[in-house]
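What follows is a single structure, written as structure tokens, with notes after it.
This structure is a prediction, so every number in the text was calculated from the model and none was measured.
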Amino acid sequence: MPDAAAASERTGPDEIAALKTIALAGGLSETKVSCAGLAADLDASTQTASRRLQRLEANDLIERDVVGDGQWVQVTDAGESVLRGEYADYRRLFETETKLSLTGVITSGMGEGRHYITLDGYMSQFRTRLGYEPYPGTLNVELDEASVRKRGEMAGIAAVDIDEWEGEDRTYGAASCYAATIVADGTDAESDGETDAESDDREPREYAGAHVIVPDRTHHDESQLEVIAADKLREELALTDGETVRVRIEPADRPDRDGATTGAQ
């Protein structure tokens, strides 16, 4: 899946306006668009409208099929994620509380989280800015399709920034940490929401005080979430691979700033 965050960085406000216009015309499923019609909606020339469509396609935000009298256009998942990010920004302007709930299943990671989290350049910032020393490892959650599309709304939620820093051999990238509560109900992704007799003792469990960490540079695609916490979440919540969890994301505070909520940078 294309990296929606990277695509958004390459897409200017003019292209986002075109993307919104296409979506409002039915482009989240599929819609027929002409350059002349789009130009009129955007108060731009036909050539300008054509260029904006080309840039949206180049950034994997739309798919299109050119026909004789126009083109069939559909907004991609990455394009929807960009629009959800815009939506989240407006929610921050007009709503007092902004929250997001994502759903996915527990998966085993490759162990890279343990290595990076324990590096002094990150750990010292975690202690100061998050108020705790994370367990050396991440909880990995693979999001379902609906949550992948909603993930773009995270961009409008206040996060704690972790700065990049210089090591002896390389520069380590920055990251954003979003306050999160993990909720597990004991169901398995393949059980259709029903637990068997062996799972009866796994009542709904909840862990507050975790953070979703989103590195500026990562090999993960938009379907993957990494969660850090002071405790080993697998043990605290008795989690197993394939179990469904909900990740409730809220604006994050920095304890070293007297509880003031920081804005997403």
Side-chain angles (χ1 to χ4, degrees), residues 1-104 143-159 176 178 214-225 249 251 263-265:
M1 173 179 292
D3 187 331
S8 180
E9 291 178 358
R10 299 191 303 265
T11 305
D14 290 340
E15 286 71 35
I16 291 177
L19 184 66
K20 182 180 72 173
T21 300
I22 293 167
L24 288 171
L28 291 179
S29 53
E30 189 178 47
T31 188
K32 197 171 187 180
V33 173
S34 70
C35 287
L38 181 61
D41 290 336
L42 298 175
D43 192 22
S45 69
T46 302
Q47 293 79 6
T48 296
S50 178
R51 285 195 299 271
R52 291 181 188 175
L53 286 170
Q54 292 170 11
R55 283 197 287 267
L56 290 173
E57 184 178 31
N59 285 335
D60 297 312
L61 300 182
I62 63 169
E63 295 176 348
R64 59 180 184 147
D65 180 22
V66 179
V67 294
D69 57 348
Q71 48 204 302
W72 288 99
V73 179
Q74 181 172 1
V75 177
T76 64
D77 287 346
E80 183 175 341
S81 183
V82 169
L83 290 173
R84 286 185 178 274
E86 294 291 302
Y87 164 69
D89 283 342
Y90 281 104
R91 288 185 63 193
R92 288 182 64 201
L93 287 174
F94 300 112
E95 297 180 15
T96 57
E97 292 188 6
T98 304
K99 299 181 181 180
L100 175 65
S101 182
L102 304 176
T103 303
L143 300 177
D144 60 27
E145 291 185 7
S147 292
V148 171
R149 292 193 293 270
K150 290 170 58 179
R151 178 178 174 147
E153 296 179 30
M154 285 176 61
I157 298 178
S176 299
Y178 298 86
V214 181
D216 284 2
R217 301 194 300 258
T218 178
H219 64 273
H220 290 314
D221 62 25
E222 293 293 298
S223 68
Q224 299 291 321
L225 280 186
I249 300 171
Q265 299 296 315

Using only atom types and a distance under 3.5 Å, with no angle test, would you say the side chain of [X] pairs donor to acceptor with the backbone of [Y]?
X      : Y      : result
Lys150 : Ser101 : yes
Gln74  : Ser29  : yes
Arg64  : Glu57  : no
Ser34  : Gly70  : no
Ser176 : Ala159 : no

Pairwise side-chain contact, Met154 with Leu102, heavy-atom cut-off 4.5 Å (strictly under):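 Yes, at least one pair of side-chain atoms sits under 4.5 Å.
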Mind checking the [atom1]-[atom2] spacing from [X] to [Y]? Nearest 0.5 Å is all I need.
X     : Y     : atom1 : atom2 : value
Glu86 : Ile16 : CD    : CD1   : 4.0 Å
Leu53 : Glu15 : CG    : CD    : 10.0 Å
Glu30 : Ile62 : CD    : CD1   : 11.5 Å

Residues Ser81 and Arg84: side-chain donor-acceptor under 3.5 angstrom: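 Judged by distance alone, the side chains do not pair up.
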Of the non-hydrogen atoms in [X] and [Y], which two are nearest, and what is the gap between them?
X      : Y      : value
Val66  : Gln71  : CA-CB, 3.9 Å
Lys99  : Ile157 : C-CD1, 4.4 Å
Leu100 : Glu153 : CD1-OE1, 3.7 Å
Ile249 : Tyr178 : CG2-CB, 3.7 Å
Ala18  : Leu42  : CB-CD1, 3.9 Å
Gly79  : Leu19  : O-CD2, 3.6 Å

Partner of Val82 by side-chain contact (heavy atoms from CB on, under 4.5 Å), out of Val75, Thr76, Leu61: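 When Val75, Thr76, Leu61 are each tested with Val82, the side-chain contact (heavy atoms from CB on, under 4.5 Å) holds only for Leu61.
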Passing option when Ile22 is tested against Leu28, Thr31, Asp41 for side-chain contact (heavy atoms from CB on, under 4.5 Å):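 Of the listed residues Leu28, Thr31, Asp41, the side-chain contact (heavy atoms from CB on, under 4.5 Å) partner of Ile22 is Thr31.
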Glu145/Asp77 under side chain to side chain contact (heavy atoms under 4.5 Å, CB included): CA gap, chis, key distance, verdict: CA-CA 9 Å; Glu145 291 185 7; Asp77 287 346; over 6 Å; no
